[in-house]
Amino acid sequence: MPKRCYCPGMAPKRNQQDNPHWTHAQARSMAARIQGFRMSKPGITPEQLLALPASERIRRRLQSAGVRYHANDNISAFIEGGELDELQAEVQDKLRGVLESLVIDTQSDHNTQDTAKRVAKMFIREVFRGRYDAMPPVTEFPNIERLNELMIVGPITVRSACSHHLCPILGRVWVGVMPNEHSNLIGLSKYARLIEWIMNRPQIQEEAVSQVADLLQERLQPDGLAIVMEADHFCMHWRGVKDTDAKMTNSVMRGSFLRDSTLRREFLALMPKRG
């Protein structure tokens, strides 16, 4: 049986520097101020700054703004036009070096000649794009009908990679929402888009669930929010103990789901059967 680890408490309150969900406008404004401050500092000219690798320019903006850039943080607001292409080329070059250090002859091995290019594109444009792309647009609607009954969305298929080994994480998420008359409503597909944005980063499942809860709480402003995630971790299936049956299941309960055990039981009972 998969182990169940309930984490019903509120996530720790982040300060602005730790907030991975800055609005794009807020972070752009901060980046612009930092850019102006840095340009006025002695010792580095605009030409010298542009000569730096894209990763170093982005890193300097983040560090100057005091913004965290962990594996599962979104840094899109600190990336300027054209830099994502530069970053992809930089990653490609570094990956070519990794293959060489693994003593793989990428010159004569037709299978690996373009591997560095493929993997760099995959990291930047696909599996880790949640770090580099802004949050997808989400249209919110007022709760005109004053809905106040339990809503459950799921299972939503999720894919990620563990931060420790960059091995795949494949799983499902269920969302329970208890709206009130002041709550925002979003379309069903938007739950999947927002969760995908969070999961398309190197993740740790416990942190991913909290990030999903924080984002949906901010967008919906419900009376209660419940998130359950169940996932297979290939860092256990593929390497290490090689246990192909083990899964991880954890949850976050907020508001009325945390206070009302009857509501919590109703949500868990109505979740489509896992198997």
Side-chain angles (χ1 to χ4, degrees), residues 11 14-31 34-35 52-95 98 116-138 156-171 173 190-216 218-219 229 231 233-235:
R14 295 184 175 93
N15 59 33
Q16 193 178 39
Q17 286 88 351
D18 288 339
N19 184 4
H21 305 308
W22 275 26
T23 68
H24 202 56
Q26 285 174 328
R28 275 287 184 198
S29 175
M30 173 65 79
I34 293 302
Q35 179 80 357
L52 294 173
S55 63
E56 181 61 22
R57 297 198 300 271
I58 296 165
R59 188 179 297 109
R60 282 178 178 235
R61 293 183 199 118
L62 290 158
Q63 291 173 343
S64 296
V67 174
R68 196 183 81 169
Y69 52 101
H70 290 184
N72 58 4
D73 290 328
N74 179 272
I75 61 171
S76 61
F78 294 87
I79 300 174
E80 297 184 353
E83 286 185 335
L84 210 54
D85 290 334
E86 293 182 59
L87 195 62
Q88 182 176 323
E90 187 181 335
V91 172
Q92 178 179 330
D93 185 60
K94 298 291 177 64
L95 285 168
V98 170
K117 179 180 179 180
R118 294 188 197 100
V119 175
K121 181 180 179 181
M122 177 184 73
F123 281 168
I124 299 295
R125 306 291 182 174
E126 298 179 79
V127 297
F128 298 153
R129 64 182 295 185
R131 298 195 77 234
Y132 308 110
D133 288 356
M135 185 178 69
V138 175
I156 296 169
T157 300
V158 293
R159 302 166 187 84
S160 188
C162 77
S163 299
H164 296 157
H165 298 94
L166 299 185
C167 288
I169 298 172
L170 304 176
V173 172
K190 301 307 185 289
Y191 287 94
R193 291 188 187 279
L194 291 173
I195 292 171
E196 179 186 42
W197 183 63
I198 293 289
M199 297 303 294
N200 277 354
R201 311 169 190 179
Q203 279 289 6
I204 299 300
Q205 184 171 331
E206 303 94 308
E207 295 180 10
V209 172
S210 291
Q211 285 188 337
V212 168
D214 289 345
L215 181 58
L216 291 179
E218 177 187 342
R219 307 300 299 188
M229 182 182 295
H233 290 248
F234 280 71
C235 57

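Put simply, the side chain of Arg129 does not reach to within 4.5 Å of the side chain of Arg125, judged on heavy atoms. Counting only heavy atoms from C-beta outward, the side chains of His165 and Cys162 approach each other to under 4.5 Å. Proximity of Leu62 to Arg68: side-chain heavy atoms (C-beta onward) are nowhere separated by under 4.5 Å. In this structure, Gln88 and Phe123 have side chains that are not in contact, with every pair of non-hydrogen atoms separated by 4.5 Å or more. Using a 4.5 Å heavy-atom threshold, the side chains of Gln92 and Leu95 count as separate. Using a 4.5 Å cut-off on side-chain heavy atoms (C-beta onward), Pro202 and Asn72 make no contact. A heavy-atom distance below 4.5 Å is not found between the side chains of Asn200 and Val127. You'll find the side chain of Arg193 stays beyond 4.5 Å of the side chain of Val138, heavy atoms only.
Between the side chain of Ser160 and the backbone N or O of Arg201 there is at least one donor-acceptor pair closer than 3.5 Å. Remark: side-chain polar atoms of Trp197 are paired, donor with acceptor, to backbone N or O of Asp133 under 3.5 angstrom. Looking only at distances, a side-chain donor or acceptor of Asp73 sits under 3.5 Å from a matching main-chain atom of His70. Of the possible donor and acceptor atoms, none in the side chain of Gln211 sits under 3.5 Å from a partner among the backbone N and O of Ile198.
Annotation: the span from Ile58 atom CD1 to Ile79 atom CD1 amounts to 4.5 Å, rounded to 0.5 Å. Here CD of Glu218 is found 10.0 Å from CG of Leu194. Values are rounded to the nearest 0.5 Å. Atom CD of Gln203 and atom CE of Met229 lie 7.5 Å apart (nearest 0.5 Å). To the nearest 0.5 Å, the span separating NE2 on His233 from CD1 on Ile204 amounts to 8.5 Å. In this structure, Ile169 CD1 and Arg159 CZ are separated by 13.0 Å, a value rounded to the nearest 0.5 Å. Atom CD1 of Ile195 is separated from atom CG of Leu216 by 5.5 Å, given to the nearest 0.5 angstrom.
Of the charged side-chain nitrogens involved, at least one lies within less than 4.0 Å of a carboxylate oxygen, so that Arg61 and Glu83 count as a salt-bridged pair.
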**Prompt:** How far apart are the C-alpha atoms of Arg57 and Glu80, what are their side-chain angles, what is the distance that settles it, and do they pass the salt bridge (charged side-chain N to carboxylate O under 4.0 Å, His left out) test?
**Reply:** CA-CA 10 Å; Arg57 297 198 300 271; Glu80 297 184 353; over 6 Å; no

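Nearest approach of Tyr132 to Asn74, heavy atoms of both residues: N-ND2, 4.2 Å. Nearest heavy atom pair, residue Ala54 against residue Glu90, reads N-OE1, 3.5 Å. Nearest heavy atoms, Cys235 versus Cys167: N-CB, 3.6 Å.
Counting heavy atoms of neighbouring residues, nucleotides and ligands inside a 6.0 Å radius, atom CZ of Arg59 exceeds 12 of them. Annotation: Lys190, atom NZ; neighbour count of heavy atoms from other residues, nucleotides and ligands within 6.0 Å is above 12.
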